[in-house]
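Here the structure is laid out as C-alpha cells; the discussion comes afterwards.
Heavy atoms only: backbone and side chains are in, while hydrogens, waters and symmetry mates are out.
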Amino acid sequence: MITPETSESFFSHLIELRSRLMRALIAVGLVFICLFPFAGDLYAILAHPLLVALPKGGQMIATDVTTPFFVPMKVAMMTAFMIALPYVLYQIWAFIAPGLYAHERRLIAPLVAASTFLFLCGMAFAYFLVFPVVFGFVTSVAPQGVAVMTDINKYLDFVLTLFIAFGITFEVPVVVVVLVTMGMVGVDKLREIRPYVVVGAFVIGAVFTPPDVVSQIMLAVPLWLLYELGIVVASMMVKRAAEPEPDYQPLSDEEMERELDAIEHKQSETRD
C-alpha cells in the first residue's frame with residue numbers, strides 16, 4: 001500500500017533527479033556554446049588521421065545538403081559532453097550517494113574517476129595509434145583508379161564506433177573489480193576462464209575493427225592485458241579486505257595501575 005509519506009518521498013526524488021539532469025544539461029550546453037565557433041576546427045582535428053592517409057589530392061566529401069553544417073555541430077556537442085563529463089558524473093553521484101552505505105560511497109567515487117580516465121585513455125589510444133594503422137591499410141588496398149573519398153557523416157559514424165569500442169575495452173579493469181567486490185565472481189574463477197577471455201578478445205577485435213590483422217590485434221591485446229590488470233587489482237583488494245584486524249592487547253598490571261592513579265588524581269582535583 002502506498003502511503004502519503006512514500007508518495008511524497010517518491011516525488012521529491014523525481015524533483016531532485018530533474019534538477020540534477022537540468023544542471024548536467026546546462027553544463028553541457030554552456031560548454032557547447034563556447035565550442036560552437038570552433039566546430040569546424042574540431043572536425044578537422046578528428047579527420048586528421050584520415051586526411052594524412054589519403055593519397056595526394058584526396059579529400060573528404062559531403063553527400064547531403066546539410067551535412068557540412070550538422071556534422072561539425074555533432075563533433076562540437078560530443079566534445080562538450082566529454083569536457084563536462086566530470087560535472088555530469090558528479091551530479092549522478094550526488095543523486096545516488098544518499099542511498100548508499102559508507103563503504104559503497106568510498107568505493108564508487110574512485111570507480112567513477114577511474115572509469116572516466118580509462119574511457120578517455122581508450123579514445124586517445126584509438127585516435128593516436130589505431131586510426132593511422134586502419135586508414136593506412138584502407139587507403140593502401142584501394143584498387144588502382146579508385147579515388148578514396150569518404151563522406152564526412154559516414155566517417156563520423158565510423159570513428160564513433162571505434163571510440164566506443166576502445167573506450168569500453170579500457171573499462172575492463174573496472175568491470176572486473178566491481179564483479180569481485182560485489183561477490184559475483186571470485187579471483188580464482190577469473191584466472192580459470194583466462195583462455196576463454198583471450199579467445200573472446202580476438203573475436204571482439206575481429207568484429208569491431210576493419211579486416212586487417214594489425215587493428216584486430218591492437219584491440220584484442222589491450223583487452224586481454226586490461227583483464228589481467230583487473231585481476232591484479234581485484235586480488236589486492238580481496239587480500240586487503242581479508243587481512244585480520246590486530247588482536248586486542250589488554251593493559252598490563254602496571255599500565256592499569258597508572259590509569260587508575262590518573263583517574264583518582266582527576267577525581268581528587270575535581271573535589272578540591
Donor-acceptor list for residues 197-204 side chains, cut-off 3.5 Å, not counting sequence neighbours:
none

Single-linkage hydrophobic cluster L30~Y90, side-chain heavy atoms < 4.5 angstrom: no

To check you understand the geometry: which heavy-atom pair defines the closest contact between L219 and G205, and what is its length? CD2-CA, 3.6 Å

For a quick test of reading the model, state the closest non-hydrogen atom pair linking V28 to A80 and the distance between them. O-CB, 3.8 Å

Is any side-chain heavy atom of Y227 closer than 4.5 Å to a side-chain heavy atom of L223? no

If you draw a 6.0 Å radius around CZ in F158, do more than 12 non-hydrogen atoms from other residues or ligands fall strictly inside? yes

Side chain to side chain contact (heavy atoms under 4.5 Å, CB included), that's the test. Do Y43 and I152 meet it? Break it down for me. CA-CA 9 Å; Y43 186 84; I152 60 175; 2.9 Å; yes

Give the intermediate values and the outcome of side chain to side chain contact (heavy atoms under 4.5 Å, CB included) for residues R18 and L14. CA-CA 6 Å; R18 183 188 64 178; L14 285 181; over 6 Å; no

Closest approach of P72 to F69 (non-hydrogen atoms, all atoms of both residues): CD-O, 3.4 Å

Answer yes or no: is there a side-chain heavy-atom contact under 4.5 Å between L35 and I83? yes

same_hphob_cluster(F81, I26) at 4.5 Å side-chain heavy-atom cutoff: no

Quick one: which of V177, V180, V187, L226 gives a side-chain contact (heavy atoms from CB on, under 4.5 Å) with I231? V187

So, are D188 and R191 salt-bridged, with charged N and O less than 4.0 Å apart? yes

When clusters are formed by joining ILVMFWY residues with side-chain heavy atoms under 4.5 Å apart, either directly or through shared neighbours, do V185 and V175 land in the same one? yes

Quick one: closest heavy-atom pair of A76 and L42, and the distance? CA-CD1, 3.9 Å

Check whether any side-chain heavy atom of H13 sits under 4.5 Å from a side-chain heavy atom of L17, and report yes or no. no

Check for me, please, whether I15 and L21 land in the same ILVMFWY cluster - side-chain distances under 4.5 Å, paths through other members count. no

Indicate yes or no: at least one non-hydrogen side-chain atom of M78 is less than 4.5 angstrom from one of L156. yes

Do you know the tightest heavy-atom contact between A47 and M60? CB-SD, 3.6 Å

Are the side chains of N153 and K74 in contact, using a 4.5 Å heavy-atom criterion? yes

L225 CG to T169 OG1 distance, which is reported to the nearest 0.5 Å: 12.0 Å

Kindly list each side-chain donor-acceptor pair under 3.5 angstrom involving residues 118-142, sequence neighbours excluded, with atom names and distances?
residue : atom : partner : partner atom : Å
Y127    : OH   : I45     : O            : 2.5
T139    : OG1  : A53     : O            : 3.3
T139    : OG1  : F135    : O            : 2.8
T139    : OG1  : G136    : O            : 3.2
S140    : OG   : G136    : O            : 3.1
S140    : OG   : F137    : O            : 2.8

Check for a donor-acceptor pair, side chain of Y155 on one end and backbone N or O of L46 on the other, with a separation under 3.5 Å. yes

Look at atom OH of Y87 and say whether more than 12 heavy atoms of other residues, nucleotides or ligands are closer to it than 6.0 Å. yes

Do the side chains of V88 and L111 join up, straight or via other hydrophobic residues, at under 4.5 Å, putting them in one cluster? yes

Return the CE to OG1 distance between M149 and T63, rounded to the nearest 0.5 Å. 11.5 Å

How far apart are the closest heavy atoms of A62 and D151, and which atoms are they? CA-OD1, 3.4 Å

Looking at F95, I want to see if its CZ is surrounded by more than 12 non-hydrogen atoms of other residues, nucleotides or ligands under 6.0 Å. yes

